[in-house]
Amino acid sequence: MILEMKVPSPGESITEVEIAEWLVQDGDYVEKDQAIAEVDSDKATLELPAEVSGVITLKAEEGDAVAVGEVVCLIDTSASAPEGSATPKAETPKVEEKKTETPKAVPADNKTYATGTAAPAAKKILDEKGIAASEVSGTGRDGRITKEDAVKAVPSMGTPTGGVRSTGRKKMSMLRRKVAERLVEAKNTTAMLTTFNEADMKPIFDIRKEYKEAFKAKHGVGLGFMSFFTKAVTRALELYPDVNSMIDGKDMITYDFCDISIAVSGPKGLMVPVMRNAEALTFRGVESEIKRLALRARDGKITVDEMTGGTFTISNGGVFGSMLSTPIINPPQSGILGMHNIIERPVAIDGQVVIRPMMYLALSYDHRIIDGRESVGFLVAVKEALENPVELLMGGDIKKALEL
């Protein structure tokens with residue numbers, strides 16, 4: 001019997017997917033529920049499991065866009081499993097070739113030169129022309145670059161130097177293309193504006209220094225910055241509900257809950273899983289949920305439902321070293337908060353110059369429905385909560401808030 005395997009619907013409103021990678025080859029014997037392919041939708045990467053056991057015939061190529069319900073492979077259920085093997089063949093591990101270095105001869109002047117070393121005269125010529133010694137092949141003893149080599153290596157105007165000039169081309173995944181479309185859509189269809197502030201992170205540093213070990217020992221997750229930022233954001237959204245809203249045609253929709261999207265970098269690109277009802281989560285709850293979603297995104301197991309429906313986004317470019325940025329709104333949301341790296345800088349406090357760990361904050365928002373008063377007030381509320389977390393985020397009791 002030949003079974004036609006069709007593309008299942010990965011979620012509402014998704015009409016096609018892209019074959020990202022076949023995990024089996026044409027003619028392989030596959031087991032029921034074995035992952036045979038990875039498919040990209042415009043929201044996530046999902047595994048496609050075999051519906052039955054048998055010999056598979058592929059009907060689509062990697063990179064093909066196929067409609068939901070379209071046949072992508074055939075499985076011959078009448079074929080028997082390979083003798084002595086009920087599971088797919090494991091790939092033969094690659095054996096690295098051992099390289100044997102050839103002993104280098106010692107020059108007559110008893111000096112040993114490393115390959116690529118330039119003679120003083122040659123080095124001067126290369127330095128004057130801005131050419132690295134590594135880009136020149138030496139003809140002297142042991143590959144030493146001579147003056148003649150350096151002269152010949154100097155290019156005339158517009159002449160290629162002979163260095164590597166290869167180019168590459170590959171098709172962007174459906175997820176990456178959709179992200180690109182949404183970013184351009186946000187820039188073109190919203191009246192986006194960014195406002196900035198900065199926060200003194202010393203109070204949070206002090207809390208983490210004193211309680212992070214006890215917190216991790218009891219709850220099994222670290223006490224990071226994201227829980228403080230999430231709590232500060234949900235508090236600010238309650239004070240300025242217009243920031244927690246979006247436009248639908250001629251209507252403005254507001255929410256009495258905070259579903260916070262967290263921008264994370266996954267193997268397939270930027271992903272934005274959502275923490276539901278973040279306003280009701282404790283510090284432990286936020287850290288546990290962020291860890292769960294980040295691991296699922298990293299392992300490619302995140303679902304469409306887990307990445308849709310957010311009302312506000314937090315993006316932490318600081319983990320990559322970003323000092324300042326203007327984050328792009330995640331449509332149809334109307335606001336996104338950008339966190340950045342924490343740098344010790346001199347600041348004036350009570351008339352004295354002191355060194356404090358400072359972080360720049362950036363709020364990008366849709367000016368069509370969020371005015372300057374709300375945007376600036378929101379960002380100031382976030383700053384106040386980060387600089388006074390004990391009173392504004394922990395109710396004056398650190399141990400109770402951290403459930404210690």
Side-chain angles (χ1 to χ4, degrees), residues 192-208 223-246 254-263 272 274-275 277-283 285-287 290 310-319 322-330 333-343 345 347 349 356-367 369-396 398 401:
M192 194 168 72
L193 187 63
T194 305
T195 185
F196 303 95
N197 213 315
E198 63 181 354
D200 182 352
M201 300 296 288
K202 186 177 186 302
I204 294 177
F205 267 55
D206 293 341
I207 292 173
R208 293 183 68 245
L223 179 61
F225 293 104
M226 282 303 299
S227 54
F228 288 94
F229 267 87
T230 302
K231 301 291 285 183
V233 163
T234 57
R235 172 182 176 272
L237 289 176
E238 291 174 358
L239 294 174
Y240 298 92
D242 283 356
V243 183
N244 196 39
S245 63
M246 58 187 67
T254 57
Y255 303 90
D256 60 359
F257 56 86
C258 301
D259 284 356
I260 304 299
S261 303
I262 304 294
V272 194
V274 181
M275 286 191 293
N277 288 104
E279 78 283 356
L281 296 177
T282 62
F283 281 84
V286 171
E287 294 293 351
I290 289 176
T311 62
F312 186 87
T313 296
I314 300 176
S315 177
N316 186 6
V319 297
S322 171
M323 183 187 76
L324 190 62
S325 67
T326 54
I328 299 178
I329 296 170
N330 178 24
Q333 299 173 19
S334 299
I336 178 172
L337 179 70
M339 302 165 54
H340 301 90
N341 60 351
I342 302 171
I343 300 293
R345 291 190 280 113
V347 294
I349 297 180
R356 289 293 178 87
M358 303 297 293
M359 173 188 280
Y360 287 119
L361 309 175
L363 172 69
S364 291
Y365 60 97
D366 190 343
H367 211 345
I369 56 174
I370 302 173
D371 294 329
R373 174 185 174 275
E374 283 73 26
S375 61
V376 174
F378 172 89
L379 198 55
V380 169
V382 171
K383 169 186 171 69
E384 290 173 345
L386 296 177
E387 294 184 340
N388 189 11
V390 177
E391 298 299 325
L392 299 182
L393 301 179
M394 297 178 158
I398 298 177

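We use all heavy atoms of the structure for the numbers below, so side chains are in, but hydrogens, waters and symmetry mates are not. Residue indices begin at 1 and follow the sequence shown.
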Could you tell me whether the side chain of [X] and the main chain of [Y] form a donor-acceptor pair under 3.5 Å?
{"X": "Glu198", "Y": "Met358", "value": "no"}
{"X": "Glu387", "Y": "Ala199", "value": "no"}
{"X": "Ser364", "Y": "Ile329", "value": "no"}
{"X": "Asp259", "Y": "Asn277", "value": "yes"}
{"X": "Asp200", "Y": "Lys202", "value": "yes"}
{"X": "Lys231", "Y": "Leu281", "value": "yes"}
{"X": "Ser322", "Y": "Gly318", "value": "no"}
{"X": "Asn244", "Y": "Phe257", "value": "yes"}

From CA spacing to verdict: side-chain contact (heavy atoms from CB on, under 4.5 Å), Leu363, Val382:
CA-CA 10 Å; Leu363 172 69; Val382 171; over 6 Å; no
How about Tyr240 and Tyr365: are their ring centres within less than 6.0 Å of each other?
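No, ring centres 6.0 Å or more apart.
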If you compare all heavy atoms of Arg235 against all heavy atoms of Leu393, which two are closest, and at what distance to 0.1 Å?
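In terms of heavy atoms, the two residues are closest at CD-CD2, 4.2 Å.
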Heavy atoms only: give me the nearest Met323-Asn341 pair and the separation to one decimal.
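Result for this residue pair: CA-OD1, 3.2 Å.
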Could you check Thr311 against Tyr255 for side-chain hydrogen bond (donor to acceptor under 3.5 Å, both in side chains), going step by step and ending with a plain yes or no?
CA-CA 8 Å; Thr311 62; Tyr255 303 90; over 6 Å; no
After noting the C-alpha distance and the side-chain angles of Asn197 and Val380, does the key distance pass the side-chain contact (heavy atoms from CB on, under 4.5 Å) rule?
CA-CA 7 Å; Asn197 213 315; Val380 169; 3.9 Å; yes
Residue pair Ile207, Met394: steps toward the side-chain contact (heavy atoms from CB on, under 4.5 Å) verdict
CA-CA 11 Å; Ile207 292 173; Met394 297 178 158; 4.1 Å; yes
Please identify which of these residues, Ile369, Leu379, Leu237, Thr254, meets the side-chain contact (heavy atoms from CB on, under 4.5 Å) condition with Val243.
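Of the listed options, the one satisfying the test is Leu237.
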Start with the C-alpha gap between Phe229 and Leu361, add the side-chain angles, then the distance that decides, and say whether side-chain contact (heavy atoms from CB on, under 4.5 Å) holds.
CA-CA 11 Å; Phe229 267 87; Leu361 309 175; 3.6 Å; yes
